[in-house]
Every structure is written in C-alpha cells, then in structure tokens.
Amino acid sequence: MTQGVVPAGITRLIGNTPLLRVRLFEKEFPRVEVYAKAEWFNPGGSVKDRAALSMIEDGERRGALTRDKTIIDSTSGNTGIAYAMVGAAKGYRVKLVMPSNVSAERKALVTAYGAEIVYSDPGEGSDGAIRRVRELVAAEPDAYFYPDQYSNPANARAHYEGTAVEILQQTNGRVTHFLAGLGTTGTFVGTSRRLKEHDASIRTIAIQPEDSFHGLEGLKHIPTAIVPKIWDPTLADDIWGCPTEPAYDLARTIARTEGLLVGHSSGAALWAVRRLAGTIKEGVVVTVFPDSGDRYLSTGLYGRK
Ligand SMILES: Cc1ncc(COP(=O)(O)O)c(C=O)c1O
C-alpha cells in the first residue's frame, strides 16, 4: 500500500495519536518531563473517537447493533461527534441527546455528519441527558442500539487496548505518573488499569471539577453526579478537584506559548500536572489533551475580537 493511503475508511485513523512534549513548567520543575496525548489528532477531533468506535464495533460483534437500528446515546458533545462520524462512515443512523447549552460548534458538527439531536434541559446538565435517553429507549427498545457510554466496558477497553499501550511504547516504558480528567471515566479507568498492570509503581491521578457548578465541559463532578458504572476508584491514587478559572488560564497560556490550541479539559489536565510537579522531584508525567480549542471559540475562552 502506498504510504499515506488509508485502505478502508476514516475509522482506521482513530488512535495512535502523537505524544507531545509540554514545556510549560520546565523552568519551574526542570526534572519533571511532561507529555500529553494530542487526542484532537483523531479524525473526529477528540479522544471520544476511540470509545465510540470500540462500543460500536463491540455492538456489531455481539449482534446488538444491526442495520435496522439507530445508534442513540446521551453526550455532552465529543462522544456525539464521534458517534456521528463513525455512524456515517459505517452507514448507521445516529440520534443524540444533549443539553441545549452545549457549544454551537458541537451542534453544527453533529448535524454536518447527518445525526439528529434531541435537546435536554440545560439546567440538568449531562445527567438530564442521561435520563432523557433512558426514557426514549424505554419507549421503543427495538428501535435503538444504546451503547450507554457510562456503563459500557468497551468504552474503557478502547483505552486499555489503545491509549495505554501507545503511552508505554511512546515513553519506552518510562512513564511514572498518569493524569486524566473524568467524564464517563473511560479514559482514566482503561488507561490506568493497563499502566498499573504493566508496572504497579505508576501513580495515577484523576481530575474532576472542584464542584458541581463548573465550566469544564466534558468533565464530571463525581460526588454529585450519576456515578458511571465503569468508574473504578481503586485505580486512582488520588482524585483532585480542579477550579474552572485556573484551567481556562492554562488553556489560554499554552495556546500562546507553545502553539497548542486545546480545550477546557486540557487546561484542567495542565492544572493537575503543575500541582503534581510541585510535589515530585522528578518523573515522566503523561496526561491527555482530549480535544482542541477550536471547539470552544464561540464560548469566548480565548477572548473575543
Ligand atoms: C473535552 C472532554 N474532556 C474529557 C472527557 C473525559 O473523557 P472520559 O469520558 O473518557 O472520561 C471528555 C468526555 O466526554 C470530553 O469531552
């Protein structure tokens, strides 16, 4: 096959994202090497491509997803874009339930891939979307394939088989610390499980918003949320609550100092990396940048012209 030619569809390009060296804290903490998985390199633009593909292909293998069914799920945005993209590539109809206040870019992207949106109450956040999708599926169970990203082991497995293996290869097994934000918890759970099986001394830190009212789209405050079934707190050596504004500040900073235009939750990852770097003398720290900042331009994260 000629180099650069993808034989069978866009989904082949999911995963194997670059591991970027992050220099932001280098002066302050010279012996802490920081790396981030650049997940916006996935074709749907976020880490959620991995989970969506894994859950859809698992449904195909189990016979739960057949041609007559519509893929339906609740999503704060990125998973929806991923379902819509993978669904379009594989020829399935896709219906997504999301709070009506998700960013305009996300709604437009999902619609561009041909998916249908059902809006839930913005005041009820992602939990309101979960309740609404359950109602729709209960009313017409045979019409839908409902992957349920919060309960589906194939979500975390995408990271167990993909993200973690890539991190071990890309760091030549040198990774000492792993940090990731909690949404469905799939990224953190799947990656941490594999890393700890490989080397039990690898420390893992989960990041959640500081409280239930926050501006960190994609992340969940676990104590006040519907707890995802796939969440496994025994995999976290620590769970830190990140404040919104410092996360935004770091997302703005890294765009200007390193040319990395990342989203809110990557700012939260940076906040946690900095806190960690202040407590360890040296280490090889790996985190995840789930998506790009161009998904949030209309929110004013980077300032308005
Ligand atoms: C921007 C963003 N960051 C982080 C996450 C968290 O990933 P996970 O669902 O694997 O916990 C998500 C998930 O939706 C997200 O959209």
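We count ligands from 1, going down the list as the structure has it; atoms in each ligand are counted the same way.
Contact annotation for Thr185 and ligand 1: only backbone heavy atoms (N, CA, C, O) come within less than 4.0 Å of the ligand. When heavy-atom distances to ligand 1 are checked against a 4.0 Å cut-off, Glu217 comes that close only through its backbone atoms N, CA, C and O.
Every heavy atom of Trp40 sits 4.0 Å or more from the atoms of ligand 1. Val47 does not count as a contact of ligand 1, since none of its heavy atoms falls under 4.0 Å from the ligand.
Remark: among candidates Ser292, Ala206, Gly218, the nearest residue to atom 12 (C) of ligand 1 is Gly218, based on non-hydrogen atoms. Between the choices Gly77, Gly183, Pro228, Ser265, the shortest heavy-atom distance to atom 3 (N) of ligand 1 belongs to Ser265. With atom 10 (O) of ligand 1 as the reference point, the heavy atom nearest to it among Thr187, Leu219, Leu216 is part of Thr187.
Surrounding CZ of Arg67 are more than 12 heavy atoms belonging to other residues, nucleotides or ligands, all under 6.0 Å away. The neighbour count for Arg274 CZ, taken as heavy atoms of other residues, nucleotides or ligands under 6.0 Å away, does not exceed 12.
When only modelled atom types and interatomic distance are considered, Gln149 and Thr184 share no side-chain donor-acceptor pair under 3.5 Å. Side chains of Asp73 and Thr75: no donor on one and acceptor on the other come within 3.5 Å.
Of the possible donor and acceptor atoms, none in the side chain of Asn42 sits under 3.5 Å from a partner among the backbone N and O of Ile14.
Ligand 1 has no N or O atom lying under 3.5 Å from any N or O atom of Tyr296, backbone or side chain. For ligand 1, none of its N or O atoms has an N or O atom of Asn155 under 3.5 Å away.
Note on residues 236-258: pairs passing ring pair (Phe, Tyr, Trp, His ring centres under 6.0 Å), not counting sequence neighbours, are Tyr248-His264.
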